[in-house]
Every structure is written in structure tokens, then in C-alpha cells.
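All remarks here apply to the structure that follows.
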Amino acid sequence: MLIDFFFALRSARLPVTIPEYLGLLEAIKAGLIGPSMDEFYHLARMSLVKNEAHFDKFDRAFSTYFGGKIAAVDLTKDIPLEWLRKQLERELSAEERAAIEAMGWDKLMDRIKQLLEEQKERHEGGNKWIGTGGTSPFGAHGYNPQGIRIGQEKSRNRSAVKVWDKREFKDYDDSVELNTRSIKVALRRLRKFARQGAAEELALDDTIHATAAAGGMLDIKMVPERHNNVKVLLLMDVGGTMDDHIHRVEEMFSAAKSEFKHLDFYYFHNCVYDFMWKNNHRRFSEKIPTWDIIRKYNKDYKLIFVGDATMSPYEILQPGGSVEYNNEEPGAEWVQRLTHAFPHHAWINPEPAGVWQYRQSIGIMQQLLGNRMFPLSLQGLESAMRLLSK
């Protein structure tokens with residue numbers, strides 16, 4: 001009965017597979033969920049979606065298939081109600097069963113179909129038509145204990161029989177603009193935990209073994225707290241064309257500072273040369289030689305460039321190509337020195353990947369980094385973190 005649902009997910013470009021679909025059917029057959037479309041939604045998402053980046057696509061496909069908006073309601077589809085009915089008698093209390101049977105599933109669905117055919121315009125208030133703010137069993141922003149919510153962004157009374165179009169994972173979609181929370185989700189793929197510092201956490205297993213060895217006398221064992229031990233060196237382009245990307249880069253910087261305990265950062269403009277800086281207001285008075293940065297950090301640091309790589313090719317390839325001063329060596333030399341010193345490196349570009357082919361300087365930088373350039377999107381950050389974690 002869910003074959004059409006499976007193909008609807010595939011049509012929405014979700015990478016669901018037949019074994020996952022069969023696993024969902026087995027879970028339903030085994031009675032792992034009760035008579036709730038919400039429970040079916042969570043089970044289906046857990047069974048079929050293996051990457052949080054696809055959660056929002058799944059929500060939209062689920063809503064469309066099961067009738068998310070009034071215009072999208074299609075009651076000719078085979079909505080899987082049989083297993084819900086069977087579960088009702090077994091799972092619900094007498095009071096709950098009586099409340100559902102106030103209208104009944106069959107009457108509920110038949111009535112909404114009838115009203116959709118009869119109703120020709122928007123309706124607000126009242127107790128009959130599909131609309132808003134009333135007591136009809138169908139609509140939004142109203143109240144009915146056995147209702148179906150349609151076209152409402154969130155629950156008001158938390159009593160609808162079906163939640164058709166709730167979407168909780170918009171930020172996880174790899175096609176949407178990032179925010180700090182979703183960036184943190186992507187950055188967490190670069191993790192290597194170690195226990196460091198003072199012993200502050202209870203070591204439960206060791207405590208049990210030590211207590212047993214002591215004949216039942218409590219012997220508490222403590223261990224240091226686990227931290228992400230990854231070390232990150234962040235080099236960020238500022239000024240010029242990067243002004244268009246300030247907000248997104250600030251969000252990434254904020255997320256990185258909270259995710260990585262060992263993080264250090266420096267700024268450059270357009271391309272790295274023989275010096276960088278920590279404070280943009282004192283960039284020329286407090287220069288930090290690039291050679292000192294290379295010598296200061298070990299090879300186990302993950303090097304991440306952040307910049308749009310949008311400049312004149314001369315700024316990368318020629319001595320004196322910098323727009324700010326007469327650099328003795330081309331920027332390409334310094335890029336290669338840095339990537340040689342830090343084998344685990346990647347470049348995060350806030351410019352949309354679709355325009356990269358039209359920017360000669362981006363192509364040059366990609367070649368210098370061995371095509372280790374990724375867009376500043378959820379999918380791009382996840383790909384970069386996977387590469388750096390190898």
C-alpha cells in the first residue's frame with residue numbers, strides 16, 4: 001500500500017532504497033508504531049532518510065503525498081489507514097477510542113472530500129466549512145478535538161488527528177541558506193574525541209569493576225571529560241568582494257569557534273602573501289609573517305581557507321600583483337607553501353558554485369589546491385569536513 005509513497009519520495013530526489021522501504025514495511029508489520037500518522041512520519045523518516053540534509057525534502061514530499069495543503073489534498077491516493085484501524089482497537093483506551101469514533105476515520109475522510117468538492121472559496125470561523133479559526137474538524141487556527149489541520153504552520157491546540165504540513169527541518173536542507181545552527185551540524189563531521197584535563201566525569205564501567213573487585217565497597221573512578229581534539233587553522237579573506245558575504249562568514253566563524261576547542265585564525269586580502277594579521281584595524285601595524293605561521297603550527301592542524309577567490313589572476317600569479325603593496329613573491333607560491341605544510345586542507349568559497357567556471361581566478365586557485373574547494377553550503381561544508389577527517 002506504500003509503493004506509491006516510495007516512488008513519490010524518489011520523485012522528490014530523495015535517495016531512498018528498496019531495502020530501506022522493505023525495512024519500513026517490516027517495522028509496520030511488527031507493530032512498532034501505534035495508530036498515529038505522526039508516529040508513521042517519524043518511523044518513515046528514520047527508516048528511509050539517512051542524512052539530515054534531506055529531512056526538509058522528506059517533509060515536503062510527505063506533505064505533498066499525504067495532502068499537505070488544501071490544493072494538494074488528493075484523497076484518491078491509497079492513504080494507509082488499514083493498519084491504523086487495526087491498531088486502534090488494540091492500543092487505545094476506551095475513552096480515546098470513543099473520542100476518535102465521535103466522527104470515525106471513514107466519515108472523517110469522506111466528509112473532508114465532500115467539503116472540498118462543495119467549497120469554492122476561503123472560509124473563516126464557523127463549524128462547517130474547511131477554513132480558519134472555527135470549530136470545523138477541517139482547517140487551521142481553530143479547535144476541534146477530532147480535527148484535521150490543513151494549511152497551518154504550527155499546532156495551536158495540539159489535537160489534530162493528522163498534521164499534514166508541519167516542517168521542522170528547513171535548516172537542514174542542503175539547498176537553503178545556512179545559519180549558525182546548521183553550520184555546526186556540518187562542522188561536527190570533523191571530530192576526533194580525546195579525554196583531556198582534570199578527571200571530572202564518572203567512569204561508570206570502571207567504577208562497577210573496581211567496586212566488585214573491592215568486595216562491594218564503593219570505589220568511584222573518574223576520567224577527564226571528552227573534547228573534540230581536532231586542531232583547526234582558519235585563514236579568512238576580508239574586504240573587497242568579500243563584503244557581500246560578511247554575514248555568512250561571520251556565522252561560519254561563530255560556529256567554528258564553538259565547535260573546535262583548538263582553533264586559531266588569521267586574515268588576508270584576496271590571496272595570501274608574505275604576511276597576515278589578527279586585527280583588521282591594525283592590519284599594517286601588526287603584521288604576522290606567513291613563515292612564522294607555517295613554523296608555529298604542526299602538520300596535524302586542519303587548514304581551512306575561507307574566501308571567494310575572486311580577483312585578478314595577476315594577484316595570484318605575479319610578483320607585485322597585490323592591490324595593496326609590492327609583494328616580492330606571487331601569491332601562488334605562498335598558497336603552495338601552506339598546503340605543503342598542512343596536508344589536510346580545504347577552501348570554503350561563499351560564491352555560488354554555479355559561477356565558479358566564469359571566474360578565472362577561482363579556476364587557478366582550484367588547481368593550486370588540487371580541487372579541494374567547496375561552496376559555503378551545508379552539502380559543501382559536509383564534503384569539506386569529510387575530506388579533512390581522512
Side-chain angles (χ1 to χ4, degrees), residues 51-56 167-202 222-239 242-268 272 276-283 288 293 296-308 338 342 344-351 372-390:
N51 189 325
E52 61 269 22
H54 298 140
F55 280 173
D56 189 53
R167 291 170 58 198
E168 294 182 331
F169 299 94
K170 297 178 184 179
D171 292 337
Y172 288 129
D173 194 333
D174 57 17
S175 65
V176 303
E177 192 164 317
L178 291 170
N179 59 27
T180 303
R181 187 188 74 171
S182 55
I183 292 174
K184 287 181 180 180
V185 172
L187 294 181
R188 285 171 191 163
R189 296 192 179 276
L190 182 58
R191 290 182 289 188
K192 182 181 179 182
F193 288 104
R195 296 192 180 275
Q196 294 180 331
E200 298 178 346
E201 284 191 349
L202 175 66
M222 306 293 288
V223 293
E225 187 178 358
R226 293 173 76 243
H227 293 286
N228 188 355
N229 204 35
V230 169
K231 302 175 183 178
V232 175
L233 179 59
L234 192 62
L235 306 182
M236 294 179 286
D237 183 9
V238 293
M242 282 298 292
D243 288 346
D244 297 335
H245 310 293
I246 288 176
H247 179 67
R248 298 175 69 199
V249 174
E250 282 180 342
E251 288 183 331
M252 178 183 173
F253 186 33
S254 175
K257 288 179 70 176
S258 66
E259 286 298 318
F260 302 118
K261 182 179 179 181
H262 305 285
L263 170 72
D264 214 341
F265 65 93
Y266 298 89
Y267 296 109
F268 64 92
V272 292
M276 287 179 267
W277 57 92
K278 298 278 286 186
N279 190 317
N280 285 302
H281 294 294
R282 296 192 292 270
R283 57 185 295 186
I288 302 173
I293 296 173
K296 180 178 180 179
Y297 301 97
N298 297 326
K299 288 189 175 183
D300 58 346
Y301 270 80
K302 315 291 186 181
L303 175 63
I304 301 177
F305 298 91
V306 181
D308 59 7
L338 284 163
F342 304 100
H344 301 283
H345 57 268
W347 187 296
I348 306 299
N349 193 331
E351 281 286 292
R372 292 171 171 240
M373 183 177 287
F374 303 89
L376 182 51
S377 64
L378 182 57
Q379 185 177 19
L381 285 173
E382 287 182 343
S383 298
M385 296 307 107
R386 288 194 188 98
L387 176 66
L388 292 174
S389 64
K390 293 181 179 178

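Heads up: numbering here begins at 1 and tracks the sequence.
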Which pair of heavy atoms, one from [X] and one from [Y], lies closest together, and at what distance?
X    : Y    : result
N298 : F342 : O-CE2, 3.3 Å
K302 : L388 : NZ-O, 3.0 Å
R372 : H345 : NH1-O, 3.1 Å
P350 : G307 : CD-O, 3.4 Å

Partners meeting side-chain contact (heavy atoms from CB on, under 4.5 Å) with D243 (sequence neighbours left out):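 D243: side-chain contact (heavy atoms from CB on, under 4.5 Å) contacts with I246.
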Side chain proximity check, L338 to L235, heavy atoms < 4.5 angstrom: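 When only atoms from C-beta onward are counted, L235 and L338 do touch, with a gap below 4.5 Å.
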Flag side-chain contact, heavy atom, 4.5 Å: M252 against L381: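 Yes, close enough: below the 4.5 Å cut-off.
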Find the distance between [atom1] ([X]) and [atom2] ([Y]) and round it off to the nearest 0.5 Å.
X    : Y    : atom1 : atom2 : value
H262 : Y297 : NE2   : OH    : 13.0 Å
L234 : F260 : CG    : CZ    : 9.5 Å
E382 : F374 : CD    : CZ    : 12.0 Å
R248 : I348 : CZ    : CD1   : 11.0 Å
Y266 : I293 : OH    : CD1   : 5.0 Å

Salt bridge (Lys or Arg N to Asp or Glu O under 4.0 Å) partners for K257, two or more places apart: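 None.
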Ring geometry between F268 and W347 (parallel below 30°, tilted from 30 to 60°, perpendicular above 60°):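 Perpendicular.
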Under 3.5 Å: donor-acceptor pair, side chain of N349, backbone of P375: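 Such a contact is absent between N349 side chain and P375 backbone.
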Main-chain N/O of Q379 paired with S383 side-chain donor or acceptor, under 3.5 Å: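 Yes; judged by distance alone, with no hydrogens or angles, the pair exists.
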K278 to Y267 six-membered ring, cation-pi geometry met (6.0 Å, 45°):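 Here K278 fails the 6.0 Å and 45° test against Y267.
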E351 and H245: CA distance, side-chain angles, deciding distance, side chain to side chain contact (heavy atoms under 4.5 Å, CB included) verdict: CA-CA 8 Å; E351 281 286 292; H245 310 293; 2.8 Å; yes
CA sep, side-chain torsions, deciding dist, call: W277, V238, side chain to side chain contact (heavy atoms under 4.5 Å, CB included): CA-CA 11 Å; W277 57 92; V238 293; 4.0 Å; yes
Set of ring pair (Phe, Tyr, Trp, His ring centres under 6.0 Å) partners for F253, sequence neighbours left out: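 With sequence neighbours excluded, F253 shows a ring pair (Phe, Tyr, Trp, His ring centres under 6.0 Å) to F265, given in chain and number order.
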